[in-house]
There are 2 protein chains.
Amino acid sequence: MQVLSTTEENYLKSIFQLLKEGSEKVGTNDIAELTGTKAASVSDMLKKLAAKQLLSYQKYQGVSLTEEGAKTALLILRRYRLWEVFLVEKLKFNWDEVAAIAEELEHVKAPPLVRRLDEYLGFPKFDPHGDPIPDEFGEWSHTPRMILQEVSPGNAGKVVAVTNSSAAFLKYLDKVGIYIGARIEVVDKVEFDGSLELRVDGEKTSFLSREVAANLQVILHPS
Amino acid sequence: MQVLSTTEENYLKSIFQLLKEGSEKVGTNDIAELTGTKAASVSDMLKKLAAKQLLSYQKYQGVSLTEEGAKTALLILRRYRLWEVFLVEKLKFNWDEVAAIAEELEHVKAPPLVRRLDEYLGFPKFDPHGDPIPDEFGEWSHTPRMILQEVSPGNAGKVVAVTNSSAAFLKYLDKVGIYIGARIEVVDKVEFDGSLELRVDGEKTSFLSREVAANLQVILHPS
DNA sequence: TATGATTTTTAGATTAGTCTAAAAATAATT
DNA sequence: AATTATTTTTAGACTAATCTAAAAATCATA
């Protein structure tokens with residue numbers, strides 16, 4: 001595992017993120033936008049990272065990560081998400097306040113620190129937004145998820161992810177008692193508008209609009 | 001409070017440290033040695049920091065910190081020592097393993113992070129080596145301390161600092177059951193070699209050589 | 001107090017990361 | 001298919017932090 005600068009790590013993380021949510025190759029402009037730099041700077045950096053075997057790059061053709069590049073990105077993501085868990089669970093920050101701080105902390109590289117932090121947090125598998133945390137080998141469990149909106153009545157599961165992190169949305173979830181890890185039972189689904197009636201943690205009953213339920217991911221409990 | 005680069009913070013911290021343990025002014029060479037750079041680089045940086053009003057500097061005359069510079073250094077020290085406490089108390093690192101990691105963490109500046117960390121740790125007043133932790137205004141309590149070696153029999157107190165952080169020394173303290181925060185009673189002092197007989201936490205009895213007792217600092221309990 | 005030793009500063013170069021502006025390549029559209 | 005629009009790369013310059021080598025100042029001592 002090579003030692004990378006904070007800057008190189010940030011580029012790698014951004015490229016990984018773009019690849020995950022898009023196509024095979026990412027363009028220079030997209031990377032520039034996400035990293036807050038200009039296309040010219042990105043071009044330079046791509047050459048550097050390609051020389052380090054972290055991505056494959058041919059002029060004008062966009063980039064994709066190599067095996068090693070992807071693994072490196074996953075280990076950065078691991079640090080980022082572990083710190084997110086720490087900030088929310090231990091320091092009691094809100095979900096929507098932790099991104100900037102975790103982005104600084106993720107670049108502290110001492111490997112024993114990451115291991116112990118993981119242990120201290122109880123080896124969490126998901127971060128506070130429900131995104132999976134890679135293990136120390138850069139792998140994560142691919143437990144299949146469903147969008148809450150598509151779960152039919154009678155099924156139960158656990159909320160594992162939120163696909164909209166606007167502060168307003170998160171506050172709303174708070175209000176109706178939904179959080180990452182909450183046990184959810186779909187009691188009924190209104191045909192007319194697609195809204196859902198839920199039981200949360202076996203008690204509280206909540207009604208969610210179709211729009212809200214479309215932004216929640218769950219893992220179903222075997223029934 | 002200005003925003004400083006990690007590099008600038010490191011210089012400031014080093015200068016503060018040298019001033020604390022030495023004379024009024026520090027020389028360029030000493031700073032270079034402590035920061036792991038060369039005198040030429042230090043000269044450049046001194047100009048920069050002087051321009052920012054953090055230290056007063058006249059060519060060839062050495063430097064001292066301004067009011068603002070000292071306060072800034074104390075706030076860096078605060079972050080450093082809070083992370084030390086976290087690493088030892090929560091992540092279970094040994095005293096002698098935390099320096100390098102805390103030095104990385106100390107540069108994460110988000111002020112709410114520092115506040116919440118402090119709160120989470122229970123507003124500790126001393127770090128794991130017993131050094132005081134400045135408050136958010138850059139001040140610390142100047143409770144008078146004594147060197148354990150100079151405490152006469154019959155007195156009791158609390159261990160607050162260790163003035164030798166070699167791994168061997170720390171391991172030895174562990175073995176005899178002494179740690180920062182331990183309550184200590186001086187039972188007897190052997191005239192001949194200056195060694196001490198102690199009761200630790202009201203139970204265990206330990207014998208310490210003069211050399212060891214000279215490296216422990218305590219705050220006496222009012223008696 | 002002069003002279004040699006040491007410390008500090010300057011001058012000039014280097015590296016990583018960034019930028020703007022212009023050139024080159026690719027993509028889109030008439 | 002040719003021309004225009006967009007994207008990407010290159011060229012050249014800038015900044016922060018560093019270095020080496022040489023000059024300048026201070027210190028120490030004969």
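Bear in mind the structure is a predicted one, so any value in this text is a computation, not a measurement. First the proteins, then the strands, lettered A, B, ... as listed; each starts at 1.
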Checklist outcome for this item: Between CG of A:Asn10 and C1' of C:dT18 the distance, given in whole Å, is 14 Å
Checklist outcome for this item: note: B:Glu33, atom CD; C:dT7, atom P; distance rounded to Å ~ 11 Å
Checklist outcome for this item: Between NZ of A:Lys25 and P of C:dA27 the distance, given in whole Å, is 12 Å
Checklist entry - Which residue pairs satisfy the salt bridge (charged side-chain N to carboxylate O under 4.0 Å, His left out) criterion with at least one member in residues 118-132 of chain A, sequence neighbours excluded? => result A:Arg78-A:Asp118, A:Arg81-A:Asp127
Checklist entry - If only side-chain N and O atoms of A:Asn29 are considered, is one of them under 4.0 Å from the OP1 or OP2 phosphate oxygen of D:dT8? => result yes
Checklist entry - Is B:Thr28 near enough to C:dT9 that one of its side-chain N or O atoms lies under 4.0 angstrom from OP1 or OP2? => result yes
Checklist entry - C:dC19 P sits how many Å from A:Met45 CE, rounded? => result 11 Å
Checklist entry - Can you pull the salt bridge (charged side-chain N to carboxylate O under 4.0 Å, His left out) pairs that have at least one residue in residues 50-77 of chain B, sequence neighbours excluded? => result B:Glu8-B:Lys52
All N/O contacts under 3.5 Å from nucleotides 19-26 of chain D to the protein, with atom names and distances to one decimal?
residue: D:dC19; atom: OP2; partner: B:Lys38; partner atom: N; Å: 3.0
residue: D:dC19; atom: OP2; partner: B:Ser41; partner atom: OG; Å: 2.4
residue: D:dT20; atom: OP2; partner: B:Lys38; partner atom: NZ; Å: 3.1

Checklist entry - Who are the side chain to side chain contact (heavy atoms under 4.5 Å, CB included) partners of B:Arg115, not counting sequence neighbours? => result B:Pro111, B:Pro112, B:Glu136
Checklist entry - Just how far, in rounded Å, is P of D:dT6 from CG of A:Asp30? => result 15 Å
Checklist entry - Which part of the nucleic acid does B:Ser43 contact within heavy-atom distance under 4.0 Å: base, sugar-phosphate only, or nothing? => result base
Item to check | salt_bridge(B:Arg79, B:Glu9) N-O dist < 4.0 Å | outcome: yes
Next on the checklist: Applying ring pair (Phe, Tyr, Trp, His ring centres under 6.0 Å) as the test, list every pair that has at least one member in residues 40-99 of chain A; sequence neighbours left out.
Outcome noted: A:Trp83-A:Phe86, A:Phe86-B:Phe86
Next on the checklist: Show every salt bridge (charged side-chain N to carboxylate O under 4.0 Å, His left out) that has at least one partner inside residues 17-31 of chain B, sequence neighbours left out.
Outcome noted: none
Item to check | Between D:dT9 (P) and A:Lys47 (NZ): distance, integer Å | outcome: 8 Å
Item to check | A:Gln58 CD - D:dT9 C1' separation (whole Å) | outcome: 15 Å
